[in-house]
Number of protein chains: 2
Amino acid sequence: MAMNEHAKPTLDDVARAAGVSTATVSRCLNSPDQVIALTRERVMLAVERLGYTPDFGGRALASRRTNTVGAIIPTMDNAIFARGLQSFQETLSRFGKTLLVASSGYDPARERQQMEALAGRGADGLLLIGSARPESSTEYLRRRGIPFVGAWNLGSGDGCFVGFDNRAAAARLAEMVIARGHRRLAMIAGISYMNDRAADRTAGVRAAAEAAGIAPADLPVIEAAYTFEDGARAMGELMKANPRPTVVMCGNDVLAVGAMQMARELGLKVPGDVSLTGFDDIDLAGVVDPKLTTVRVPHRRMGEAAAEMLIKLITKQPVERRIEIPTAIIERGTLGPPRADSGHKG
Amino acid sequence: MAMNEHAKPTLDDVARAAGVSTATVSRCLNSPDQVIALTRERVMLAVERLGYTPDFGGRALASRRTNTVGAIIPTMDNAIFARGLQSFQETLSRFGKTLLVASSGYDPARERQQMEALAGRGADGLLLIGSARPESSTEYLRRRGIPFVGAWNLGSGDGCFVGFDNRAAAARLAEMVIARGHRRLAMIAGISYMNDRAADRTAGVRAAAEAAGIAPADLPVIEAAYTFEDGARAMGELMKANPRPTVVMCGNDVLAVGAMQMARELGLKVPGDVSLTGFDDIDLAGVVDPKLTTVRVPHRRMGEAAAEMLIKLITKQPVERRIEIPTAIIERGTLGPPRADSGHKG
DNA sequence: TATCAACATGTAAGCGCTTACATTGCAATG
DNA sequence: CATTGCAATGTAAGCGCTTACATGTTGATA
């Protein structure tokens, strides 16, 4: 009996079932206080009984707003963005907005494609990661009047950003490493193509090394995808050098843990034979042995701030266009002094 | 000049700009071969120039299909589902479908809410995790005629499933543990409320223990959320017992790694003083020292199979209603024999 | 009792798109 | 040359919803 029509029920069906007009049903759903309690009950009962859910498309079409915001992150395969995104979405939902997440696989073309998909789905605003993307992509968003904020770094252009200074943070860490006595550094960097965070971190380390008078030959850099495996592989490569680097600075914690694993396999003690640093301070960093010396990024705060900024942009409130989130160096177990015998080239 | 109207362009705008009817523009976008090349070029140029993207709502409304499927996973905060979801979406996109992901936080009410959100957004089908949910939720989907498949386990009801036998896999692992000589087991289980995977794994271990004549008192079970921290806390709790368990079986790898960290803090060697097992074989398992003995779940294959099944359901092709993905025990470093002196109660 | 708020509800016009159907133009055919 | 068939394009009717506006109902007031 309930199964009268096997199609998905529409507003009309509900209206008929409740003996009211579609307008009344719509009001019950959107501004219940405009409808008298008795009617409302009748309507809600019908809604319940028919298993009615409003059609988003119709609703968006008619009301010209979606209460949806989109986020395009490079990858979901990885804890880096998970934490920040979580608080981003929590903040959003406090404002009654829904989050749609898409991933680009670090590919600008796919990022653009996802922009169009989200725009088409009516996203009121977008969260993007970083600022390295073709001019045409941002131009597209501007044309459509879709506000967006970049996160995870501070952009250089004229957009809105909530992030931190990857370059400065990496430089500070490198300075500390050098202050510990290291002169032969190496770096396992993230892949810098269209990834300003990775590029900035590398640049920071390079700058600090140069400032300390370290020759570029004493700072080999290998770029690796953010996986344990690639980190391990790069580490294997770096450890072939003679003399070996006394410290390997990694573009993020995942790489560092992969490197650590390889060090273990090669019979190298960390930090006795080789020191290691990470970046991000994801949970993982505190769970390996020894724990990772790394840079903490307050992901939750960043996600929250990004959500607030985006909402302000959407509602056309004034915003501070650039919010910097401070980072902190977390000293744990993987950074020690260089080996006593390793100061001299062999 | 390009900025003539600052509103988002519509099909109409494009049609006017190209000097054709809306129908022709629509055809250019959806079945280009029905339009002669010359016209098509003119239209595409206008599309490009105006920065037009079709409005998803309008399109869904008019064509009554969305080419969208939804997935509701308990959490994104965690690598467990990432891998499987990734291949799920890759397979989907090979069939021209878009994936919308939502998370429930292991809460059936929020899962239901997300079902409605996705249904409203026009999802043609849904991927759900497991089978533990109120009857009313599945009833809702059936009423709306939205096909769904459960993954990560084999359901008992009459739905469609792609998964593995959590109970049997856990039991097999426990049998192996017991065969190694362990008699004092403990378990850090996932929280079983509305989580059939966690419940099944616990049940499997319990059954194996019982079959081996191990007293329930020699199998304490603590439930913990899937975080390093909670795993560590539970481990701390379990290690207070006297005599201590000689092995702690964990509901997943994250818990096991947390437990391992706590063991280290307590000065207990793994597996010398206490053995550990995990479940899932996520990347993490191969990266800690010693590496985790665990159960491998072929997540990629599962995601792929789930996508294929769902597509068949959507297109009303016949399907095998239950696909079992085999699991394998991966023996690595965290499971050893019990301590020599630990066979006797103190 | 007539009048008028104030409120509850109904009516109907689109929102941007797809698509069945109608129209047009043109080449091939009788 | 009239006819036919086909390919390319146009016309217009909705898809399910919101909302401005119209209408009806009530109770208080003059």
### Task
Could you tell me whether the phosphate oxygens of D/dG10, OP1 or OP2, come under 4.0 Å of any side-chain nitrogen or oxygen in B/Thr24?
yes
### Query
Do A/Asp124 and A/Thr66 have a side chain donor and acceptor closer than 3.5 Å?
yes
### Message
Can you measure B/Leu29 atom CG to C/dT19 atom P for me and round it to whole angstrom units?
### Response
12 Å
## Note on the structure
CG of A/Leu310 to CG of A/Leu99, rounded to nearest 0.5 Å, is 10.0 Å
### Any A/Thr39 side-chain nitrogen or oxygen under 4.0 Å from OP1 or OP2 of C/dT9
yes
### Task
Figure out the CD/P separation between B/Gln34 and D/dC6, and round it to whole Å.
16 Å
### Task
Tell me which nucleotide among D/dC15, C/dT9, C/dT19 gets nearest to the side chain of B/Ala62.
D/dC15
### Message
Measuring to OP1 and OP2 of D/dT18, would you say a side-chain N or O of A/Ser63 lies under 4.0 angstrom away?
### Response
no
### Task
For A/Arg40, report the nucleic acid contact type (base, sugar-phosphate, nothing); a contact means any heavy atom under 4.0 Å.
nothing
### Task
Compare side-chain N and O positions of B/Arg59 against OP1 and OP2 of C/dG16 and report whether any pair is under 4.0 Å apart.
no
#### Entry: Salt-bridge contact A/Lys8-A/Asp55 (side-chain N to carboxylate O under 4.0 Å)
yes
### Message
Are A/Phe81 and A/Trp152, when compared by the centres of their aromatic rings, separated by less than 6.0 Å?
### Response
yes
### Query
With a non-hydrogen cut-off below 4.0 angstrom, is A/Ile36 in contact with a base, only sugar-phosphate, or nothing?
sugar-phosphate
### Message
Between A/Gly57 and A/Arg65, which residue's closest nucleotide on DNA chain D lies nearer the 5′ terminus?
### Response
A/Gly57
### Task
Using whole Å, report how far CG of A/Asp33 lies from C1' of C/dA6.
15 Å
#### Entry: Distance, rounded to the nearest Å, where B/Leu61 contributes CG and D/dT18 contributes C1'
12 Å
### Message
Whether the B/Arg121 and A/Thr68 side chains hold a donor-acceptor pair (N or O, under 3.5 Å, no angle test) is what I'd like checked.
### Response
yes
### Query
Picking from D/dT11, C/dG10, D/dC17, which would you name as closest to the side chain of A/Val20?
C/dG10
#### Entry: Sugar-phosphate, base or nothing in reach of B/Ser26, heavy atoms under 4.0 Å
base
### Message
What is the distance, to the nearest angstrom, from the CG atom on A/Asp12 to the P atom on D/dG14?
### Response
13 Å
### Task
Nearest-nucleotide wise, let me know which of B/Arg27 and B/Asp55 is further upstream toward the 5' end of DNA chain C.
B/Asp55
### Query
Out of C/dT18, C/dG10, D/dT18, which has the shortest distance to the side chain of B/Leu11?
C/dT18
#### Entry: Short N-O contact, A/Arg300 and A/Glu304, less than 4.0 angstrom
no
### Task
Starting at atom CZ of B/Arg16, determine the distance to atom C1' of D/dT9, rounded to an integer number of angstrom.
18 Å
### Task
Could you tell me whether A/Phe56 contacts a base, only the sugar-phosphate backbone, or nothing, with contacts defined as non-hydrogen atoms closer than 4.0 Å?
nothing
### Query
Side-chain donor or acceptor of B/Arg64 under 3.5 Å from a matching atom on the base of D/dG16?
no
### Gap between atoms CG and C1', on A/Asp13 and D/dC17 respectively (whole Å)
13 Å
### Query
Within this structure, what is the CG-to-C1' distance between B/Asn30 and C/dG16, rounded to whole angstrom?
13 Å
